Amino acid sequence: MSATVLHTEVGVSDEKQAAAKSAGRRFGALVVRLGAIAAFAAIMAYFVIFAPGFTSTFNLINVVEQSAILGVLAYGMTAVIIGGGSDVTEGGIDLSIAANMGLCAAVYATLLSMGYGDFLSVMAAIAVGMAVGALNALAVVGLGILPLLATLAVLNVAAGMELTLTQNTVVGASSPLLGVLVSGSFFGISALAWALIVFSAVMIVVVHGTSFGLRLYAVGGHPEAARAAGISVPFYVSFTYVLSGFCAAVASILTVSRLSASTPGSGELLLSVLAAALLGTVFSRRFVPTMGGTLLSVLFIGLLANGFQLLNVSSYWVNGVQGALILLVVAITSFARGSEGSR
Amino acid sequence: MSVSANDNASKASMRGFLAKYSVLIAFAAIVIFFSVASPTFLTPANLFNVLVNNVVMLAIVALGLTIVISSGGIDLSVGVSVDMASMIFVMLLAAGYSGVVGVAGGLGAALIVGILNAILITRLNISPFLATLGVLFIGQSTQQLATSGGQPIYLTSGYAADQFNAIARTALFGIPTPVIVLIVLAVVVHLLLHRSVFGRYVQAMGAQPGVAWYSGIRVPRELSMVHVLCALLAGVTGILLSATVKSYVPLSGNAFLLDAIGATFIGTTLSRERKPSVIGTLLGVLLLAIVKNGLLLVGWNFYWQQVGIGVLVFLVLAASFGLRRAAH
């Protein structure tokens, strides 16, 4: 789409040579990308053949449901990485997103158990999530603290506040909204699955189909150029952190509905969220983070865990295989990118 | 308006001064605050306790991360190195091997993690963030598979086990042995990073990777060395950890990761170019440890302590980064 056009301009000195090279490069990149997708497809094919019940509608919807929470969080992370650039230490990253979700879930469940209605509790959870996001934005944009550090400090604050609020216990919750999310279904697809579908559609359209999304990529890709073009870089970067907080709040409502409670330990999701957002870059032509790519990698991680479960493989293997796959995919990717001389 | 310009300049230099020393100022203020607030804070027994239990292990991991971050990379798998060293060390001792074999095995396990990171980063060109994230996942699985899902391994009293536990709890010339280990390692890493050719290469790679390569630095070799050193240092922490608690608890090493990253970056605020340094890192570790200990002594709720530490780190970073920005 239009966003990728912006990213095809590489600093070129010798145009002829570059043209010839870039043709070969493009071919190599294409082969690699298709190869990575083929590897995913091969794993899926294996599950289809050998895992009993893998392709049943029930199972597939189950996977989508399970992926909803990870997916919503990964969108927030992806937005931050797009807007902040993907540099290792200086680029955009939101380490606080999983802890923020835990805090929002605690706020939501606590308010419900105190007898406040759905509307007020949901609003409070979203307000808290966006406030944490705004704190990140203040630290990164306003004070110029490295995102890695700023969000690390906020992670501690959010995780500590969750513990203070819940005293490290499970806070049970039930409400009409949670009831609908758990058992409601429309057109044969459950409400949780719908939540992921609708959220994905909105994110993909906003980031890849609007001029807003295009500017976001510009800000992350080359901040100085974006500023010279009249884009307010601070606004866009701040926006991604607040959006990430919003995603954490939405995910918190989904997780409370799935578990009928807010539970400690949501911070452990952080690494999976990072993995999903970073793995998603393989699905883009220029190896940049995209919402669609993130969706695919979230579903892939979900299907992987599910397939292992159906094959009766110990769940202890899932992390390791996930890690090995990330390495494999990224190694192939960087092999293709290596010819661009980016490293 | 020359007066006001002069005034502004002196204000700016004042801000620059504050930005540079904000960590030290915060550190001093915190020490004074806790000394007044808690009568036990400044006692030798308490400081001994802080050093042995809160500083040493975190500091050794943070030293490793200081080298990696100086080279412009990151190592998310330090927890795996800690755990693997701890696991192999405890398993060997539990199987009746001597302490020397245990230590060698533990460090060997950490070495393997480091070499794996090095291969992924230098041979396969994976970015350090992703490479070490992948190793972290694989390391977690390995531990779960090796311990049937995360069962701790306890060292029942054997000769070597007791001996090691004793080492962890004894003192030499009045200084606790683990603290001596830390001091030795800190001096070695300081010399390596700030006084040796290797250190200059590492700094060059961190500042300008492309230029470092064009200048003839063998980036892959030096970078491999960086990651192996980091893993080995984390391995030392793993051995100290299991010698202290006489057990191996799976996946416990990850607790060091975020604190060590935080400490290293707090340390970078000491230098104008935001370079990590051994002294800065140690100061960062001390700051975190003293706040943790002080909040405990003042009687803060355990859960509030994490909020307190988060807020404090945030404020120190905000002061340092914000004032510096204003000074420019």
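Source: prediction; values computed, not measured. Below, chain A is the first sequence line, B the second, and so on; all start at residue 1.
- Considering every non-hydrogen atom in both B/F265 and A/L146, the closest pair reads CE2-CD1, 3.5 Å.
- The two atoms that bring A/S272 and B/F137 nearest to each other are N-CZ, 4.1 Å, heavy atoms only.
- At a 4.5 Å heavy-atom cutoff, the contact between B/L145 and chain A is made by backbone and side-chain atoms alike.
- Across B/S141, B/G139, B/G310, the residue that shares the most heavy-atom pairs under 4.5 angstrom with chain A is B/S141.
- Heavy-atom minimum distance, A/I145 versus B/F314: CD1-O, 4.4 Å.
- Shown here is A/M161, whose CE atom has no more than 12 heavy atoms of other residues, nucleotides or ligands within 6.0 Å.
- Contact check for A/L327 versus B/I138: side-chain heavy atoms found under the 4.5 Å cut-off.
- The shortest non-hydrogen separation linking B/V307 to A/V157 is CG2-O, 3.9 Å.
- There is no contact between A/L279 and chain B, counting heavy-atom distances below 4.5 Å.
- Atom CG in B/D259 sits 6.5 Å away from atom CG in A/N156 (nearest 0.5 Å).
- Neither the backbone nor the side chain of B/L76 has a heavy atom closer than 4.5 Å to any heavy atom of chain A.
- In this structure, the portions of A/A275 lying under 4.5 Å from any heavy atom of chain B include both its backbone and its side chain.
- Interface summary for chain B: among A/L155, A/L135, A/V154, the most heavy-atom pairs under 4.5 angstrom belong to A/L135.
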